[in-house]
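Right, one structure below, let's go through it.
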Amino acid sequence: MDIEPTFFDSPGAGGIVGQPLDRVDGRDKVTGKARYAAEFPLPGLVYGVLRTSEIAKGKITRIDTAAAVKEPGVIAIFTHENLPKLAKTPNTPEGKKAIGAPMGFLPLTGNEIHYANQPVAVVVADTFERATHAASLVKVSYEQAQPIASFLDPKAEIFDPQKVQDGKTDGHTRRGNPKSALAASPIQLKATYTHAINNHNPMEPGSTTAHWEAADRVTVYESTQGVTRTQQALSEMLGLPRDQVRVITKYIGGGFGCKGSCWPHTPLTVLAAKAIGRPVKLVLTRPQMFTSMGHREDQTQTLTLGATKEGKLTALIHEKTSTTSPWDNYAESNSKIIDLLYECPNFEATYQLARANVMTSTFMRAPGEAPGSFAIECSMDDLAAQLGMDPIQLRLLNYAEKDPSTGKPWSSKSLKQCYARGAELFGWSKRNPKAGATRDGKYLVGMGMATASYPVHNSQGTARVRLYADGHAVVQSGATDLGTGTYTVMTQVAADSLGLTVDKVRFELGDTRLPTAPNSGGSVAAGTVSSSIYMAAQDVWQKLTKLAVQDKRSPLYRAKPEEVTNEKGRLILKNDKSKGEDFAALMKRLELTDIEGTGNGKYGAGYESGMAASAADSGHKDDAGQHSMHSFGTHFCEVRVDPELGTVRVSRWVSVHAAGRILNAKTARSQIIGGSIFGIGSALMEQTVRDDHFARYTNASLADYHIPVNADIPEMTVEFIDEHDPYINAMGVKGIGEISMVGVAAAVANAVFHATGKRIRSLPITPEKVLNAGIAS
Amino acid sequence: MNNFAYQQVDKPKDATAILRDDKQAAFIAGGTTLLDLMKSNIEQHSQLVDINLLPFKGIEQTSDGLRIGALERMSDVGESRLIVEQYPAISESLLLAASPQLRNMASIGGNLLQRTRCGYFRDPAFPCNKRVPGSGCPAQTGDNHNLAILGVSDSCIANSNPGDLAVALIALDAVLTLENAKGKQRRVPLNSFYLLPGKTPHKENVLEPGELIVAVTVPAAAHARRSTYLKVRERTSYAYALASAAVGLDVQGGTIRSARVALGSVGAQPWRSPEAEKVLTGAPATEATFRAAAAAALRGAQPREHNRYKVELAQNTLVRALTNLTSA
């Protein structure tokens with residue numbers, strides 16, 4: 001393929017892609033017809049409930065299930081003493097790798113307790129209520145040990161890992177000579193940032209419904225961001241060929257990363273269902289959600305920045321210390337965004353970890369980029385303040401014209417346009433450069449901004465298009481709709497690619513029997529799946545062209561296939577559009593009821609780079625190929641700080657992003673709004689509190705773990721810069737799931753600084769911290 | 001949650017008799033706090049006695065004030081014109097609490113009996129003197145960022161009733177009418193209804209087993225008509241207060257004739273401050289007076305590591321509430 005799909009800006013050729021189409025699944029969702037993972041009625045379905053550990057470290061000495069099994073309706077109780085064995089567990093590094101498990105430990109495989117609320121039993125009963133009650137009657141005796149609660153625990157041992165983020169990021173990297181560059185810099189700023197534990201808390205909790213259709217064949221209805229990954233994990237654990245493990249996820253109510261992997265409750269449910277010979281459904285409770293599917297780790301980062309007197313960066317040194325579990329070296333890769341956001345010749349990043357009695361942390365929306373951007377973007381704000389320079393000017397002064405971390409040119413970068421448009425929409429020019437100088441009655445008013453960036457990750461997917469002679473199409477890909485609009489945007493892409501209206505297209509997803517697609521995570525789904533569909537449609541057109549040029553009755557008979565193109569569902573000659581015919585006419589004449597095409601959408605296979613240069617084939621990493629591929633954007637925030645009561649409220653918000661082709665103006669806007677609110681939550685209120693002594697959470701509920709409510713959020717302005725990227729993938733789509741929250745916390749913190757003249761470097765910025773900053777006096 | 005029996009009654013006597021005979025039974029009205037506690041296995045009841053049919057209704061002006069039936073819903077009371085006009089602090093405290101859905105369900109009597117949000121109390125895996133007497137209080141040195149600083153003890157620093165309504169009612173001298181299993185009624189000022197933790201934090205109020213809250217009465221007063229409730233929290237809605245203040249003032253010619261002050265979320269119980277009222281009464285309605293009153297209110301504060309900020313926050317909240325009231 002060598003041309004950009006043109007329906008984007010030529011309405012005559014379809015023009016549905018990009019339009020603010022209402023969700024095609026909206027009606028099914030509001031009427032309840034849409035089935036989420038825990039809503040599949042199966043004959044004989046029974047209910048599993050996890051009984052979890054009171055302690056965070058020690059050994060189970062006895063489990064007494066006598067009272068629980070006597071309860072009416074109880075079918076079985078599984079503990080480490082009777083749980084059937086798996087073919088593989090993640091408890092060894094090899095097993096973890098084969099399974100692709102997020103954590104190197106599966107509960108109920110032994111008597112050891114490693115973290116608070118670790119599952120110690122699965123109780124299965126005929127109703128959810130009976131299972132819940134019976135679970136409370138399972139008595140567990142422990143030999144208790146003193147747990148370590150975090151890297152801040154005096155007993156914690158800090159170590160230097162070779163790799164973090166499950167082997168994906170080096171524990172130490174260096175570019176140039178940062179230490180000597182820093183020493184020679186006239187301006188040196190060093191600041192330490194801390195982050196509370198955050199939990200994903202999607203509206204729909206994790207759940208598994210396992211149905212063994214035969215002794216060696218299971219169907220699992222799972223709330224997951226990727227059916228394929230769950231299938232792979234389960235097939236390895238169960239020792240079954242992949243095609244004997246089917247995973248179905250038709251809808252999920254948010255994931256934010258916590259549903260991106262196969263967590264312990266899933267195999268436990270599958271094993272329980274097998275053992276009792278009936279389908280079992282297990283839904284995590286809200287408190288269990290805090291300890292069952294990962295979290296964003298508690299961490300501290302120190303960023304040292306060197307600059308010239310003019311404000312040009314000379315060195316960046318980043319050090320992060322965070323808490324990890326007893327088995328895994330997981331840390332978000334904060335340093336990656338710091339490495340590439342600005343032109344800087346010298347860079348160093350070091351990760352340190354400490355093992356504590358906690359469950360493994362995992363990727364959470366913009367993993368690494370969110371906290372990393374908080375550090376770099378607050379420090380840049382400090383530098384601007386010290387220089388007396390406008391924060392946008394400072395960023396333009398250090399603008400990276402190519403990727404500083406690799407030296408490669410960007411595939412596309414429209415950040416300057418984002419700054420300019422954002423500033424215009426926000427009224428940045430009206431900002432008083434002096435901090436702490438703008439008042440509105442009792443409020444201190446501040447304006448802040450920050451840069452956002454997120455990589456286009458390497459991924460590939462497949463899709464199948466079946467076009468029917470009667471003028472409708474069924475399009476399939478085993479993708480997931482996180483709730484962000486995948487059903488809708490893929491319907492749009494298919495409609496335009498086939499020259500159909502959206503009502504003639506049915507898009508199906510969320511089943512391992514469909515063509516394989518990647519996890520909906522890392523912002524890859526939109527680009528990969530849309531490109532796969534586009535390619536599959538092209539495959540259909542090529543097949544139809546071949547038929548037409550060989551058919552004597554076709555107006556295109558004996559034309560060369562490369563001279564034929566398609567427009568609005570018609571095959572036509574490129575140089576004489578009047579010559580051609582509808583696909584339906586051709587198919588009917590040839591007595592074809594339908595025709596199938598398949599497509600493989602790949603990272604790096606854009607319309608400029610072409611299929612041959614595809615990076616995905618060679619198994620390269622994200623920086624493979626000739627270009628560095630990232631989306632960029634900016635957030636602008638106004639806050640009102642009440643210095644006496646310590647409250648911070650966001651009063652205005654503007655986000656402008658450039659992320660390649662935008663598939664649906666409405667769902668994309670919603671996604672940026674959602675990500676920004678997610679970021680505002682992390683900036684101002686979200687924190688899971690772990691007791692220092694018991695290593696157990698004290699606020700594992702949505703009453704006590706605060707996420708923003710409507711009243712916290714003002715009207716939000718969102719715009720996109722029109723950006724055509726010829727390298728990333730066939731559709732030129734970069735994805736917007738994560739960039740929406742990158743830089744958000746910094747924009748808020750910078751606005752708080754501008755309002756008050758005080759820099760708060762600890763998230764979330766609660767009234768307690770505002771008061772302790774001593775602004776009022 | 002354990003299995004329990006459920007029955008509905010329509011006579012107070014039937015209700016109180018069941019609880020007199022069955023110490024594990026509980027009344028249920030709106031259920032907004034009880035069901036949470038039962039689902040978390042913090043409370044385990046043998047049976048629930050649904051009291052919604054009892055005749056404890058009505059929002060009425062009486063000869064000397066206001067009477068609210070204990071089974072009135074938060075939303076109805078909060079929106080009652082009588083209360084909005086004559087007792088604004090009560091209305092505001094209700095409408096700033098919880099969410100509309102919860103306010104539509106929750107009863108006034110139940111609201112006054114809600115229990116602490118202390119994370120150690122809410123999770124049976126932790127020790128907690130309030131839940132299991134003698135087991136300990138990890139909150140003393142643990143996560144106490146939203147726990148109490150006034151009236152606390154070494155046994156407990158929970159803000160036992162974390163809600164809003166009780167703060168406004170205590171400020172305005174509300175009195176509860178209670179009825180026991182013998183059908184006998186007694187009247188108890190709300191300010192002596194709640195008990196401080198001392199060494200017995202599991203004893204939270206003076207209710208006898210089976211005793212019901214029938215009604216709340218509030219005397220009419222100039223300081224009730226001119227009253228307000230201010231709530232500071234970590235998000236703008238649907239959160240418990242970090243600090244709150246209910247204040248009522250009768251100001252004539254710039255001088256405060258009478259004052260009522262109560263603080264929320266900073267006391268082991270909703271916290272009436274006679275110290276602040278003493279400073280205010282007879283003094284000019286100025287910021288200096290308000291500051292002095294706030295300082296007096298917090299003089300006995302015993303903060304822990306993570307709730308030290310509340311000493312300042314509570315004072316500022318009180319000053320702001322008094323300022324709002326006198327500048328309006």
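What's counted below: heavy atoms across the whole structure, side chains too, no hydrogens, waters or symmetry copies. Only a predicted model underlies this, so the values are computations on that prediction, with no experimental measurement involved.
Under a cut-off of 6.0 angstrom, the local environment of OH in A/Tyr142 is crowded, with over 12 non-hydrogen atoms contributed by other residues, nucleotides or ligands. The number of heavy-atom neighbours closer than 6.0 Å to CD of B/Gln7, taken from other residues, nucleotides and ligands shown, is above 12.
Here the straight-line distance linking atom CD1 of A/Ile707 with atom OH of B/Tyr238 works out to 10.0 Å at 0.5 Å rounding. In this structure, A/His706 NE2 and B/Arg235 CZ are separated by 4.5 Å, a value rounded to the nearest 0.5 Å.
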For residues 123-131 of chain B, tabulate all N or O donor-acceptor pairs below 3.5 Å that involve a side-chain atom, not counting sequence neighbours.
{"from": "B/Asp123", "atom 1": "OD1", "to": "A/Arg696", "atom 2": "NH2", "distance (Å)": "3.3"}
{"from": "B/Asp123", "atom 1": "OD1", "to": "B/Ala125", "atom 2": "N", "distance (Å)": "2.9"}
{"from": "B/Asp123", "atom 1": "OD2", "to": "A/Arg696", "atom 2": "NE", "distance (Å)": "2.7"}
{"from": "B/Asp123", "atom 1": "OD2", "to": "A/Arg696", "atom 2": "NH2", "distance (Å)": "3.0"}
{"from": "B/Asn129", "atom 1": "OD1", "to": "B/Gly134", "atom 2": "N", "distance (Å)": "3.3"}
{"from": "B/Asn129", "atom 1": "OD1", "to": "B/Ser135", "atom 2": "N", "distance (Å)": "3.2"}
{"from": "B/Asn129", "atom 1": "OD1", "to": "B/Gly136", "atom 2": "N", "distance (Å)": "2.6"}
{"from": "B/Asn129", "atom 1": "ND2", "to": "B/Ser155", "atom 2": "O", "distance (Å)": "2.8"}
{"from": "B/Lys130", "atom 1": "NZ", "to": "B/Ser160", "atom 2": "OG", "distance (Å)": "2.7"}
{"from": "B/Lys130", "atom 1": "NZ", "to": "B/Pro201", "atom 2": "O", "distance (Å)": "3.1"}
{"from": "B/Lys130", "atom 1": "NZ", "to": "B/Glu204", "atom 2": "OE2", "distance (Å)": "2.8"}
{"from": "B/Arg131", "atom 1": "NE", "to": "B/Phe121", "atom 2": "O", "distance (Å)": "2.8"}
{"from": "B/Arg131", "atom 1": "NH1", "to": "B/Phe126", "atom 2": "O", "distance (Å)": "3.4"}
{"from": "B/Arg131", "atom 1": "NH2", "to": "B/Tyr120", "atom 2": "O", "distance (Å)": "2.6"}
{"from": "B/Arg131", "atom 1": "NH2", "to": "B/Asp123", "atom 2": "O", "distance (Å)": "3.0"}
{"from": "B/Arg131", "atom 1": "NH2", "to": "B/Phe126", "atom 2": "O", "distance (Å)": "2.8"}

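Contacts with chain B were tallied for A/Arg690, A/Lys442, A/Glu129, A/Glu71; A/Lys442 has the most, counting heavy-atom pairs under 4.5 Å. Heavy-atom pairs under 4.5 Å with chain A were tallied for B/Asn41, B/Asn3, B/Leu230; the largest tally goes to B/Asn3. Ranking B/Arg233, B/Gln315, B/Lys39 against chain A, the residue ahead of the rest is B/Arg233, based on heavy-atom pairs under 4.5 Å. Options A/Thr52, A/Asp704, A/Val648 differ in how many heavy-atom pairs under 4.5 Å they form with chain B, and the most are formed by A/Asp704.
Contacts of A/Ile680 with chain B are absent, with no heavy-atom separation under 4.5 Å from either backbone or side chain. Proximity to chain B is limited to the side chain of A/Asp642, based on heavy atoms less than 4.5 angstrom apart. If you measure heavy-atom distances from B/Arg320 to chain A, the contacts under 4.5 Å come from the side chain alone. For A/Asn772, the part sitting under 4.5 Å from any heavy atom of chain B is the side chain, from C-beta outward, and nothing else. For a residue to count as touching a neighbouring chain, one of its non-hydrogen atoms must lie under 4.5 Å from one of that chain's; by this rule B/Leu313 touches chain A with backbone and side chain alike. Heavy atoms of A/His693 lying under 4.5 Å from chain B are absent altogether. With a 4.5 Å cut-off on non-hydrogen atoms, A/Ile55 does not touch chain B at all. Heavy-atom distances place no part of A/Ser53 under 4.5 Å from chain B, backbone and side chain included.
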Begin with the C-alpha distance, continue with both residues' side-chain angles, and end with the deciding distance and a verdict on side chain to side chain contact (heavy atoms under 4.5 Å, CB included) for B/Arg122 and A/Asn699.
-> CA-CA 9 Å; B/Arg122 291 264 160 183; A/Asn699 66 336; over 6 Å; no
Apply side chain to side chain contact (heavy atoms under 4.5 Å, CB included) to the pair A/Leu771 and B/Asn316, showing each step before the final yes or no.
-> CA-CA 10 Å; A/Leu771 286 170; B/Asn316 291 350; 4.2 Å; yes
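What you find for B/Val232 and A/Thr647 is that their closest heavy atoms are CG1-CG2, 3.9 Å.
Legend: residues meeting ring pair (Phe, Tyr, Trp, His ring centres under 6.0 Å) with A/His295, ordered by chain and number and at least two apart, are absent.
In this structure, a donor-acceptor pair under 3.5 Å is present between the side chains of A/Arg649 and B/Thr236.
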